[in-house]
Amino acid sequence: MGEYLTQRYNQDHQQTLEDIARFRLLDDDFMSVVFDGNTEATELLLNIILDRDDLKVKQVVAQREFKNLEGHSVRFDIFAEDSMGRPFDVEIQRKDKGASPRRARYNSSLIDMKVLPKGKDYPDLPDSYVIFITESDFYGAGLPLYHIDRVVRELKEKFGDGSHVVYVNGQYKNDNEPIGRLMHDFRCTNAADMYYSVLADKVHHFKETEGGRAALCKMIEDRMIEQNVRLYAEACQDFGLKDLEEIIKKVQGKFSDLSEGRIREILVGKSA
């Protein structure tokens, strides 16, 4: 049995290494790892997409969950905040259905609930940005970017609510433009082929150094475990379990190698 398990582990590990070699920034898990805490790379990304050169990122977190106690919670691929307090949600979408305009609307609404502190009035609500980087050309017009802002139809003027949605065409190819070079880098599997060193250096670290690959394997494994725990908890709810403590006990019975504290952290966050 020990020999079988060792062989199975080696096979799984080899498969993970082969998967890592194929990773691109257009793969959301890999993109999240590269950008997590990486303010320099996030500044590059946002300044190019928004056609700016002055945007400074204060903090960036990958796979941040925005909970809605009475509805559907959302886990953002990248959530960033700039020096002006403006929030940015950046999502990688391999399939068009994941970039639904109604998803953009929902993400924007969750951001608004989180960024307006209690006691503040609506004019204090900062502008927000939901950015979808799609593998295909979502609108099919061949443009690199599609900007969506509300307008007053009769006046043909902007509504001015501060909510912005941007679709980035991951298929766009024009290496003479910053956005074209950026999308080229997002499609690359090899760091040596990338234009922007701030992205290439991180990709090289996670894909081509022993320490980086080990860290990436661990992150992938942890996220798979977290995903399975959440899916099992949701199944428990579907079968009628509503009490959180009962759900945690049920999940712990399924995932016996995880502590109750770890399960609780996955399901309700570190603050619980």
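When reading the values below, keep in mind they use all heavy atoms of this one structure, side chains included, and skip hydrogens, waters and symmetry mates. Numbering starts at 1 and runs along the sequence shown.
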Salt bridge or not for [X] and [Y], using N-O below 4.0 Å?
X: Glu246; Y: Lys249; result: no
X: Lys218; Y: Asp222; result: yes
X: Arg264; Y: Glu245; result: yes
X: Arg75; Y: Glu91; result: no
X: Asp161; Y: Arg150; result: yes

Report yes or no: does [X] contribute a side-chain atom to a donor-acceptor pair with the main-chain N or O of [Y] at less than 3.5 Å?
X: Asn228; Y: Ile225; answer: no
X: Lys242; Y: Ile247; answer: no
X: Lys254; Y: Tyr232; answer: no
X: Lys58; Y: Asp82; answer: no
X: Glu43; Y: Val57; answer: yes
X: Ser108; Y: Ser163; answer: no
X: Ser197; Y: Ala200; answer: no

I'd like to check [X] versus [Y] (side-chain heavy atoms, cut-off strictly below 4.5 Å). Are they in contact?
X: Pro87; Y: Tyr129; answer: no
X: Cys188; Y: Met194; answer: yes
X: Met219; Y: Phe206; answer: yes
X: Asp257; Y: Gln252; answer: no
X: Val115; Y: Pro126; answer: yes
X: Leu45; Y: Ile133; answer: yes
X: Arg262; Y: Glu226; answer: yes

Where [X] and [Y] come nearest, the two heavy atoms and their spacing:
X: Lys158; Y: Asp149; value: NZ-OD2, 4.5 Å
X: Leu182; Y: Ile49; value: CD2-CG1, 4.3 Å
X: Asp137; Y: Leu143; value: OD2-N, 4.2 Å
X: Asp175; Y: Gly180; value: OD1-O, 4.0 Å
X: Ile179; Y: Pro144; value: CG2-CB, 3.8 Å
X: Arg187; Y: Arg24; value: O-CD, 3.1 Å

Test: Arg64 cationic atom under 6.0 Å from Phe76 six-membered ring centre, within 45° of axis: no
Cation-pi geometry met for Lys250 and Phe239 (6.0 Å, 45°): no
Any link between [X] and [Y] through a network of hydrophobic side chains (Ile, Leu, Val, Met, Phe, Trp, Tyr) touching at under 4.5 Å?
X: Val151; Y: Leu155; result: no
X: Val229; Y: Leu244; result: yes
X: Leu26; Y: Tyr195; result: yes
X: Met84; Y: Leu116; result: no
X: Val61; Y: Val33; result: no

Steps toward side chain to side chain contact (heavy atoms under 4.5 Å, CB included) verdict (Val203, Leu25): CA-CA 9 Å; Val203 170; Leu25 291 175; 4.3 Å; yes
Checking Ile78 against Asp89 for the side chain to side chain contact (heavy atoms under 4.5 Å, CB included) test, could you report, in this order, the C-alpha distance in whole Å, the side-chain angles of both residues, the deciding distance, and whether it holds? CA-CA 6 Å; Ile78 292 294; Asp89 163 35; over 6 Å; no
Can you measure from [atom1] ([X]) to [atom2] ([Y]) and round to the nearest 0.5 angstrom?
X: Glu81; Y: Ser128; atom1: CD; atom2: OG; answer: 12.0 Å
X: Leu145; Y: Met183; atom1: CG; atom2: CE; answer: 8.0 Å
X: Asp243; Y: Gln237; atom1: CG; atom2: CD; answer: 11.0 Å
X: Thr189; Y: Ile20; atom1: OG1; atom2: CD1; answer: 13.0 Å
X: His205; Y: Lys202; atom1: NE2; atom2: NZ; answer: 6.0 Å
X: Ile48; Y: Asp185; atom1: CD1; atom2: CG; answer: 8.5 Å

Among side-chain atoms of [X] and [Y], is any donor-acceptor pair under 3.5 angstrom?
X: Ser32; Y: Gln63; answer: yes
X: Tyr146; Y: Asn169; answer: no
X: Asn47; Y: Asp53; answer: no
X: Asp127; Y: His164; answer: yes

Just checking [X]: does its [atom1] atom have more than 12 heavy atoms from other residues, nucleotides or ligands closer to it than 6.0 angstrom?
X: Arg52; atom1: CZ; answer: yes
X: Arg102; atom1: CZ; answer: no
X: Glu177; atom1: CD; answer: yes
X: Arg94; atom1: CZ; answer: yes

Given Phe132 and Arg103, is the side chain to side chain contact (heavy atoms under 4.5 Å, CB included) satisfied, shown in steps? CA-CA 10 Å; Phe132 287 128; Arg103 177 172 182 176; 4.1 Å; yes
What verdict does the ring-ring contact (aromatic ring centres under 6.0 Å, His included) test give for Tyr167 and Tyr139, after you've listed the backbone C-alpha separation in whole Å, the side-chain angles of each residue and the deciding distance to 0.1 Å? CA-CA 9 Å; Tyr167 283 75; Tyr139 285 98; 5.3 Å; yes
Students often mix this up, so state it plainly: with edges at 30° and 60°, are the rings of Phe23 and Phe30 parallel, tilted or perpendicular? parallel
Look at the aromatic rings of Phe186 and Phe35 and report parallel, tilted or perpendicular, splitting at 30° and 60°. tilted
Does Lys173 form a side chain to side chain contact (heavy atoms under 4.5 Å, CB included) with Arg181? I'd like the steps, not just the answer. CA-CA 8 Å; Lys173 297 178 181 179; Arg181 293 193 291 271; over 6 Å; no
Quickly, which of Val60, Asp77, Asp28, Leu46 forms a side-chain contact (heavy atoms from CB on, under 4.5 Å) with Val90? Name it, please. Leu46
